[in-house]
Amino acid sequence: MKQRVAALLRDKFNCDVILEKPKDRSFGHFSTPIAFSLSKELRKSPMIIAEEIANSFGDESVFSAIESVKGYINFRLSESFLDEYASWALTHGEQFGSDDKKGTILLEFVSANPTGPLHIGHARGAVYGDTLLRLGRHLGYDMTAEYYVNDAGNQIDLLGVSLQLEGRSALLGEEVEWPEKYYRGDYLSDLAREVMEQFGEEALRDESRQKELALWAKDKILALIVDDLKAINVHFDTFVGEASLYGEWDRVMTKMGDGVYQNEGKTFIHSSDFGDDHDRVVVRDDGRPTYLAGDIIYHNQKFERGYEDYINIWGADHHGYIARVKAAVSFLGYDPEKLEVQLSQMVSLLKDGEPFKMSKRAGTVIQMNDVVEEIGSDALRFMFASKKCDTALEFDIEELKRTDSSNPIYYVQYAHARIQTLISKSEKSMEEIMGSHLHGLSADADGLLFEALLLPEIIEDAFESRQAQKLPDYLKALAAKLHKFYYDTRVIGHEDEAKLLKLLLVVALSIRTGLSLLGIEAKDRM
RNA sequence: GCGUCCUUAGCUCAGUUGGAUAGAGCAAUGCCCUUCUAAGGCAUCGGUCAGAGGUUCGAAUCCUCUAGGGCGUACCA
């Protein structure tokens, strides 16, 4: 809708025109402050320019009025345009707002280590990534959702050690000496019990079997993670394991050429060329690769698979990592601009007003699945999706557990359910509803219709700007308009009943479509 | 110290590539069910957009500095 208006104006002025929605609807549907920017060039006052421009439009079927007010040019869309657009939306159903954008995008997100269940911080990245995925696919992009599994390195060794110690301590009652770093938590006790049943008590004591147990446990934990994600409607297309990549190592090193160098028996990467504080070690002097090495081969593999764009969603604690990986991508001969890294800031928790520190090793994490059990996937997703992800988010655990009406997801769902109720109570046939024309609507009804028809541009804006929170914000605003309209207007028995129901069908469509892009199913009844 | 993200109502957060009177939810106070679901609506209260300068017709938004906070600054992941 906005695109259509913008295109009209672009033809007229030969340049892109800023279009905005006036806060005060009496100013029309769209407005532009273009006269202000033209005034310097034309040496005329904005008011006069706006007046001239407004008068220069002939009869456009799209607009019913074009007025200049205090230098702004305000456009009012015509009823026939809005009605046509609404009918078009209704016949397209949940494809409303879809597009045929071209491009292949590899989206990597979550990628949590398979050493424990997902905690609440991971959930934010998962929700953000999955929302982007749904938005991008709706717009037509060919997107692949990928999970990078760190199944090599120290943390896997640590997992093996932790598993054995947990088993010996909790199950066998032995006094064990805990190392400085180790994992703990209920999931480890469960796994240790399984080890006992499946491999016998000896497996918990035999240090030579640590690696074997770690690899076994890693798969079990990854399965747990996948289940956790499934519970919030997050699904991945591909999983790439770090360990599976090391066969490529020599080739990748050669490919990086002068990007890497040897010093004191170690291999370094010239990451300082890309703004990193200093060059980083990729291979230690004992030949063991560092964490960065895995990411280098992984990104090489990603680029060799030939996507047009790459989006990584990382926790904010990895931000120092961007320069290093971009350096590697560049040394490998690819354009680092194609790799876009979105950081999802920390989620910090308060408990009774006091900061609550989470530590995976100390076992004081808030697990995602516990929260999902308390408040449900819909509320969790809606809450995380509502916050832009580059701000640290703070919330009280107790507050998050609340399931009363203060939760905005109920507000939006209720709006949809109210419309469904009206549709089912009305005796108007679908033919009659669809056949009616949205002419002569009240100002409130017109505002509601216009808001509902904004969905496509919200979707596009939310995805292209990577600001997923724009969608839930929009849904809340649309629901608010609906609730007000519902209160003010008794639809059943209204002389324009069919017409109003058509309007409400558009609203329901936008809510339903918007929610599904958030991984939430709209409710017909509450 | 350096890098980076941030600071908007009592709390949690929005604020459209700089635009018309800075918004919502929660909390607080008071109204509205013989009205299609009150999981709702209306009203009131609440702001030096951290502070100071600058650019501009116009700044919460852009630039500089200052203060405060998160994260990073590992041959951990």
Side-chain angles (χ1 to χ4, degrees), chain A residues 2 16 18-24 27 31-33 36-37 39-40 45-46 69-72 74 112-113 115 150 152-156 158 181 242 264 266-268 275-278 280-286 288-295 315-323 343 345-346 348 350 353 360 383 386-388 390-396 399 402-415 417-419 421-426 457-458 461 465 467 469-470 472-474 476-477 479-480 482-494 497 525-526:
Chain A
K2 186 174 174 180
D16 280 327
I18 295 170
L19 270 185
E20 50 200 33
K21 290 176 287 167
K23 277 171 215 147
D24 187 340
F27 288 135
S31 75
T32 177
F36 291 101
S37 42
S39 74
K40 190 178 262 180
S45 97
V69 179
K70 291 199 293 189
Y72 291 87
N74 300 329
N113 288 341
T115 53
N150 287 114
N154 284 349
Q155 80 275 15
I156 291 296
L158 209 53
K181 291 176 170 181
E242 180 185 358
E264 297 171 351
K266 305 165 201 172
T267 307
F268 287 80
D276 201 0
D277 296 347
H278 47 86
R280 303 287 163 171
V281 173
V282 201
V283 184
R284 304 174 179 93
D285 49 12
D286 62 5
R288 286 157 52 230
T290 64
Y291 180 76
L292 181 57
D295 255 326
D317 54 341
H318 282 61
H319 84 255
Y321 224 71
I322 298 173
L343 295 178
Q345 288 286 337
M346 301 290 106
S348 47
L350 297 173
K360 194 184 272 189
M383 194 203 66
S386 299
K387 320 291 180 187
K388 63 179 174 206
D390 58 358
T391 319
L393 176 64
E394 207 172 64
F395 58 81
D396 200 290
E399 204 169 308
R402 279 160 49 180
T403 57
D404 60 19
S405 61
S406 69
N407 203 325
I409 185 62
Y410 292 112
Y411 188 78
V412 175
Q413 290 280 27
Y414 188 39
R418 278 182 145 175
I419 296 172
T421 304
L422 290 183
I423 298 295
S424 63
K425 286 205 169 170
S426 170
E457 54 226 54
I458 300 292
D461 187 25
S465 67
Q467 308 262 303
Q469 83 280 359
K470 290 182 179 190
D473 277 355
Y474 163 75
K476 279 186 274 188
L482 181 279
H483 286 309
K484 172 138 180 62
F485 181 79
Y486 182 94
Y487 183 83
D488 291 340
T489 311
R490 191 179 168 82
V491 175
I492 306 287
H494 194 283
E497 183 175 327
R525 209 168 301 282
M526 290 180 76

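To find a chain, count down the sequence lines: A is the first, B the second, and so on, and within it residues start at 1.
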Which value, in whole Å, describes the distance between the C1' atoms of nucleotides B:C62 and B:U17? 12 Å
Within the structure, does a side-chain N or O atom of A:R418 lie under 4.0 Å from either OP1 or OP2 of B:A39? no
OP1 or OP2 of B:G15 sitting under 4.0 Å from any side-chain N/O of A:K470? no
Watson-Crick or G-U wobble partner of B:U17, both distances under 3.5 Å: none
Side chain of A:Y411: nearest nucleotide among B:U73, B:A77, B:G40? B:G40
With no hydrogens and no angle check, is any side-chain donor or acceptor of A:T421 less than 3.5 Å from a backbone partner on A:A417? yes
Expressed as a whole number of Å, how far does the C1' atom of B:G23 sit from that of B:U8? 10 Å
Under 4.0 angstrom between A:N113 side-chain N/O and B:A77 OP1 or OP2: no
As a test of reading the structure: which of B:A20, B:A39, B:A77 is closest to the side chain of A:N150, going by heavy atoms? B:A77
Across all strands shown, which nucleotide pairs with B:U44 by Watson-Crick or G-U wobble geometry, both distances under 3.5 Å? B:A28
Using a 4.0 Å heavy-atom cut-off, does A:S424 contact any base of the nucleic acid, only the sugar-phosphate backbone, or nothing at all? nothing
Indicate, with a heavy-atom threshold strictly under 4.0 Å, whether A:K387 touches base, sugar-phosphate, or nothing. sugar-phosphate
Closest non-hydrogen contact found for A:L343 with A:H319 is CD1-CB, 3.2 Å
Is there a donor and acceptor pair closer than 3.5 Å between the side chain of A:H318 and the base of B:G72? no
Separation of atom NZ in A:K476 from atom P in B:C26, rounded to whole Å: 11 Å
Pairing partner of B:A39, by Watson-Crick or G-U wobble and under 3.5 Å for both distances, is none
Identify which nucleotide among B:U16, B:A77, B:G40 has an atom closest to any side-chain atom of A:H483, counting heavy atoms from C-beta outward. B:G40
Among the nucleotides B:C36, B:A20, B:A77, which one has an atom lying closest to any side-chain atom of A:P22? B:A20
Closest to the A:K181 side chain, choosing from B:C36, B:A39, B:A74: B:A74
Please find the pair of heavy atoms, one from A:H483 and one from A:Y411, that lie closest to each other, and give the distance. NE2-O, 3.0 Å
All heavy atoms of A:V491 vs all of A:E497, minimum pair found to be O-CG, 3.6 Å
Please tell me which of A:V281 and A:A417 maps to the more 5' nucleotide of RNA chain B, matching each residue to the nucleotide holding its nearest heavy atom. A:A417
Examine the base of B:A14 for any acceptor or donor lying under 3.5 Å from a partner atom in the side chain of A:S386, and report the outcome as yes or no. no
With nearest nucleotides of RNA chain B determined for A:D473 and A:A479 from heavy-atom distances, which residue corresponds to the more 5′ nucleotide? A:D473
Could you give me the CA-CA distance, side-chain angles and deciding distance for A:R288 and A:N154, then say whether side chain to side chain contact (heavy atoms under 4.5 Å, CB included) is met? CA-CA 10 Å; A:R288 286 157 52 230; A:N154 284 349; 3.5 Å; yes
A:R280 near the nucleic acid: base, sugar-phosphate alone, or nothing, with a heavy-atom cut-off under 4.0 Å? sugar-phosphate
Base, sugar-phosphate alone, or nothing: which one does A:T290 contact when heavy atoms must sit under 4.0 Å apart? sugar-phosphate
Rounded distance in Å between the P positions of B:A77 and B:G72: 15 Å
Stacking check: are the rings of A:F27 and B:A20 less than 5.5 Å apart at their centres and under 30 degrees in tilt? yes
From the set B:G41, B:G72, B:G15, return the single nucleotide nearest to any side-chain atom of A:D317. B:G72
Nearest-Å distance once atom P is located in both B:C49 and B:G25: 22 Å
Separation of atom CD in A:Q345 from atom P in B:U12, rounded to whole Å: 16 Å
Write down the distance separating the P atoms in B:C65 and B:A27, rounded off to the nearest Å. 43 Å
Using a 4.0 Å heavy-atom cut-off across all strands, classify A:K70 as base, sugar-phosphate, or nothing. nothing
Minimum heavy-atom separation for A:L158 and A:K181, please, with both atom names. CD1-O, 3.3 Å
Under 4.0 Å between any heavy atoms, over every strand shown, what does A:Q469 touch: base, sugar-phosphate, or nothing? Just pick one. sugar-phosphate
Would you say A:Q467 places a side-chain N or O within less than 4.0 Å of OP1 or OP2 belonging to B:A14? no
Give the nucleotide from the list B:A20, B:G3, B:C36 with an atom nearest to the side chain of A:H319. B:G3
Could you pull out the closest heavy-atom pair between A:D276 and A:A323, with the gap in Å? N-CB, 4.0 Å
Considering only atom P, compute the distance from B:A60 to B:U7 and round it to an integer number of Å. 15 Å
Spacing of the C1' atoms in B:U64 and B:G41 (rounded, Å): 48 Å
Any side-chain to backbone donor/acceptor pair from A:T489 onto A:Y486? Under 3.5 Å, distance only. no
Taking any heavy-atom pair under 4.0 Å as a contact, classify A:S426: base, sugar-phosphate, or nothing. nothing
At under 4.0 Å between heavy atoms, what does A:N74 touch on the DNA or RNA strands: base, sugar-phosphate, or nothing? base
Sticking with atom C1', work out how far B:A28 lies from B:U66, rounded to a whole angstrom. 36 Å
OP1, OP2 of B:C71 versus side-chain N and O of A:Y321: anything below 4.0 Å? no
A:F36 side chain: which of B:A74, B:G41, B:C57 is closest? B:C57
Let me know the distance between CD1 of A:I419 and P of B:G40, rounded to the nearest Å. 15 Å
B:G3 pairs with, by Watson-Crick or G-U criteria that keep both distances under 3.5 Å: B:C71
